[in-house]
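Everything numeric here is computed off the predicted structure, so don't read it as measured data.
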Amino acid sequence: MNINRLFIYILLVGSLVSCTISDFEDNYTDPSKLAETSVGKQFTGMMYSNRLYVLPGYRDYFVVRRITSNRYTQAVGWVNVENQYVPGSAAVSERWDVFYNFMAQYRELQKVYNELSAQEQADNRLFMITAAVYFYDRTQQIVDLYGDIPWSEAGMLSQNGGDYSKSYPAYDTAEEIYTTMLDDLADFADELGTLEINAAVEADFNTQDLINRGSIDLWTKYINSLRLRMLTRVSGSSEFASRATAEIGEILSNPTDYPIVTNNDDNILFHIHTLGTLMSATDFQSGLEDWDGNLAGKQILDHMVNNQDPRLTYVFEPGLESNGEYLGLDPLMNPTDQNALVLEQTLSFYNRSTLSRNQYFPGVIMTAAEVHQLAAEYYLNQGQSAMAKAHYEEGIRQSIGFYQYLRSISNNADADAPIVPTDASISNYLAMDEVSWDAASSAEEQLTLIAEQKWLHFNVIQSNESWYEIRRLGLLDFDFWVDNSNQQSLPPARWMYPGSEQTYNMENYSVVQGEDKLTNQLFWDVD
């Protein structure tokens, strides 16, 4: 990473203070207004620093996802071009830099905390537990893109007194990072439930917490749901298989001690409460709609149409000239024909009122729909088909409810009113041959159903998470146009590191250079 740029960033963020979100909006770009910091204020600064990569920010959706995970998952349709499966250097550098700037904030929080007295540290322990949970969630996203990354030694320039020679970080292996995070999250799950919190810290936490607004109950569910996601992600690896089975079983069998997100009221979301305070009101619209980035992919749309999916009219709109017909863009068409079809305006696109023009659209971190599908996979692997079916179907119901919720908070009416699902329409959907649990003839087919429902639920909203799961399970049968102009003729198995690593951190990069290939699978990608 660029040490000089990171050092400048640390100097800026180290002095940030805030009491309200609006104060952050006013003061973030002018630290000279500010005089002091605290654990609570650094906690908010950390969350604020990467908000546009949790909320649907323009650069995340347009610069990064539009040409990577949205296409790799076939959540969208696009016109084929040469070199389309190689992640662009702008996208790779953008994602890397944002994470390490975010890490700099986290390190400053640790620095402020470490300078406190023992009693002050005990009083502020709540901030450090929840900050680590959020940091680990973001870390997992980066590890699952790149694999090994600089981590345990990264972001330490400020702590090292500005000494560059001590601050070039070595790479941690992805396995080491997952182990540390899983160890700590297990400890946090036990500690947070018994933590004594004084009134002053609780009041400060309620003000500074941008994610769960001070709800310890939601943070507890976030911790255990994140553990469930991460344990499932590594469950196919021989190094983690037994641990994953044991810990997932412990979480799911002890809801009192280890509560998880089970309904949409408990979803972990980064909410927009006041327009213009956290992001531009048109960020999502530009990020998704520019350059036809919101066109429907053929396979995802066909699945919803053919199976009368109750989410269809919440997620997609018919093309402007399609006479109400839903039509997705076929990835196997030649580019000339694809372009012609785009110009006809018959192609469907993602629902503007539910998604891109919904100015209250939240940052989606963890939903009940995902958690239920994770539980369904565990029970299926344990041979408990009835339990697996119950979670599978409940995951679908929660997903339908989630899209109804998203539309309900929208302040936009450009799209037609969606068809409200009924109990009968949901039951009919669950009975469709391509959806029905009982119609599947094997455990592998049932696991494929789970994989499909994750894909349908994630679509463009959580396309990175969708890509991780598609790679891990290897069950969704996608057809891609083969790009014969490039050695990377199909979607990659990971991203390569940005060029800045070779420029600024070459000694440490050289250790992982041999593995820095688009075809190199991560340790959990065993299928």
Side-chain angles (χ1 to χ4, degrees), residues 10 13-19 24 36-51 54 99-142 151-160 172 176-227 230 258-259 268 270 365-366:
I10 290 171
V13 301
S15 60
L16 285 174
V17 296
S18 170
C19 294
F24 251 88
E36 62 181 17
T37 190
S38 68
V39 167
K41 293 163 186 174
Q42 283 296 147
F43 177 78
T44 308
M46 178 193 71
M47 292 181 171
Y48 188 88
S49 69
N50 80 324
R51 68 199 184 284
V54 181
F99 175 71
Y100 283 100
N101 288 339
F102 166 68
M103 180 186 281
Q105 277 274 29
Y106 180 66
R107 297 302 188 205
E108 286 301 301
L109 170 61
Q110 290 180 314
K111 181 181 178 181
V112 171
Y113 179 78
N114 290 336
E115 292 172 351
L116 300 178
S117 68
Q119 182 58 55
E120 289 172 325
Q121 287 185 352
D123 289 342
N124 284 277
R125 179 63 178 159
L126 173 62
F127 282 106
M128 302 310 292
I129 291 174
T130 51
V133 172
Y134 187 63
F135 175 61
Y136 288 175
D137 186 345
R138 298 300 95 190
T139 294
Q140 183 205 346
Q141 302 296 316
I142 297 300
W151 194 65
S152 60
E153 299 178 7
M156 297 294 189
L157 185 59
S158 179
Q159 286 86 333
N160 293 336
D172 299 80
E176 290 169 342
I177 297 170
Y178 260 94
T179 297
T180 297
M181 294 194 297
L182 287 171
D183 288 348
D184 288 349
L185 288 169
D187 291 340
F188 296 156
D190 292 328
E191 183 179 0
L192 190 57
T194 60
L195 194 66
E196 293 185 9
I197 306 169
N198 67 45
V201 169
E202 184 174 12
D204 192 24
F205 186 67
N206 290 342
T207 299
Q208 302 294 351
D209 177 14
L210 301 184
I211 304 297
N212 292 317
R213 298 289 166 164
S215 171
I216 306 301
D217 180 55
L218 286 180
W219 275 104
T220 303
K221 292 177 180 179
Y222 183 7
I223 290 171
N224 291 308
S225 300
L226 180 59
R227 292 175 66 201
M230 292 175 61
Y258 303 114
I268 310 301
F270 198 149
I365 298 174
M366 184 73 68

Contact between Thr220 and Phe188 at the side-chain level, heavy atoms closer than 4.5 Å - yes or no?
no

Discussion item. Using side-chain heavy atoms (C-beta onward) and a distance below 4.5 Å, is Leu126 in contact with Leu192?
Written reply: yes

dist Gln121:CD -> Met128:CE (nearest 0.5 Å) comes out at 8.5 Å

Nearest heavy-atom contact between Ser215 and Asp209 is N-OD2, 4.2 Å

Around Glu115, counting heavy atoms of other residues, nucleotides and ligands shown, do more than 12 lie under 6.0 Å from its CD?
yes

* Asked: Could you go step by step and tell me if Tyr222 and Asn212 meet the side chain to side chain donor-acceptor pair (under 3.5 Å) rule?
  -> CA-CA 9 Å; Tyr222 183 7; Asn212 292 317; over 6 Å; no

Leu109 and Val39 have their tightest heavy-atom pair at CD1-O, 3.4 Å

Minimal heavy-atom distance between Met103 and Gly155, with the atoms involved, is SD-N, 4.0 Å

Any side-chain heavy-atom pair of Tyr134 and Val54 under 4.5 Å: yes

Ring geometry between Phe205 and Phe127 (parallel below 30°, tilted from 30 to 60°, perpendicular above 60°):
perpendicular

Do Arg107 and Gln110 have side-chain N/O donor and acceptor atoms under 3.5 Å apart? yes

Practice problem: For the residue pair Glu202 and Asn206, confirm or rule out a side-chain donor-acceptor distance under 3.5 Å. | Solution: no

Note: Arg138 and Ile365 closest approach over all heavy atoms is NH2-CG2, 4.5 Å

Smallest heavy-atom separation, Gln140 atom then Met230 atom, equals OE1-CG, 3.4 Å

Judged by atom type as modelled, is there a donor-acceptor pair below 3.5 Å linking the side chain of Arg227 to the main-chain atoms of Asn224?
no

> Side chain of Asp172, backbone of Ile177: donor and acceptor closer than 3.5 Å?
Replying inline: no

Between the CG atom in Asp187 and the CG atom in Leu182, the distance rounded to the nearest 0.5 Å is 11.0 Å

* To do: Kindly indicate, with the supporting measurements, whether the criterion side-chain contact (heavy atoms from CB on, under 4.5 Å) is fulfilled by Leu210 and Phe43.
  => CA-CA 9 Å; Leu210 301 184; Phe43 177 78; over 6 Å; no

Heavy atoms of Glu120 and Ser117 approach each other most closely as OE1-N, 2.9 Å

So CZ of Phe99 and CH2 of Trp151: to nearest 0.5 Å the spacing works out to 8.0 Å

* Given the rule in the side-chain contact (heavy atoms from CB on, under 4.5 Å) test, do Ile197 and Ile216 qualify, once you have shown the distances and angles that lead to the verdict? -> CA-CA 10 Å; Ile197 306 169; Ile216 306 301; 4.1 Å; yes

- request: Side-chain contact test, heavy atoms from C-beta onward, threshold under 4.5 Å: evaluate it for Ile211 versus Leu218 and give yes or no.
  value: no

Worksheet entry | Side chains of Tyr113 and Leu116 in contact at under 4.5 Å (non-hydrogen atoms) | yes

Find out whether Asp123 and Gln119 are in side-chain contact, i.e. whether some heavy atom of one side chain is under 4.5 Å from a heavy atom of the other.
yes

The reported gap from CE in Met46 to OG1 in Thr130 (rounded to nearest 0.5 angstrom) is 7.0 Å

Please check this pair: side chain of Thr44 against backbone of Gln208, looking for a donor-acceptor N/O pair closer than 3.5 Å.
yes

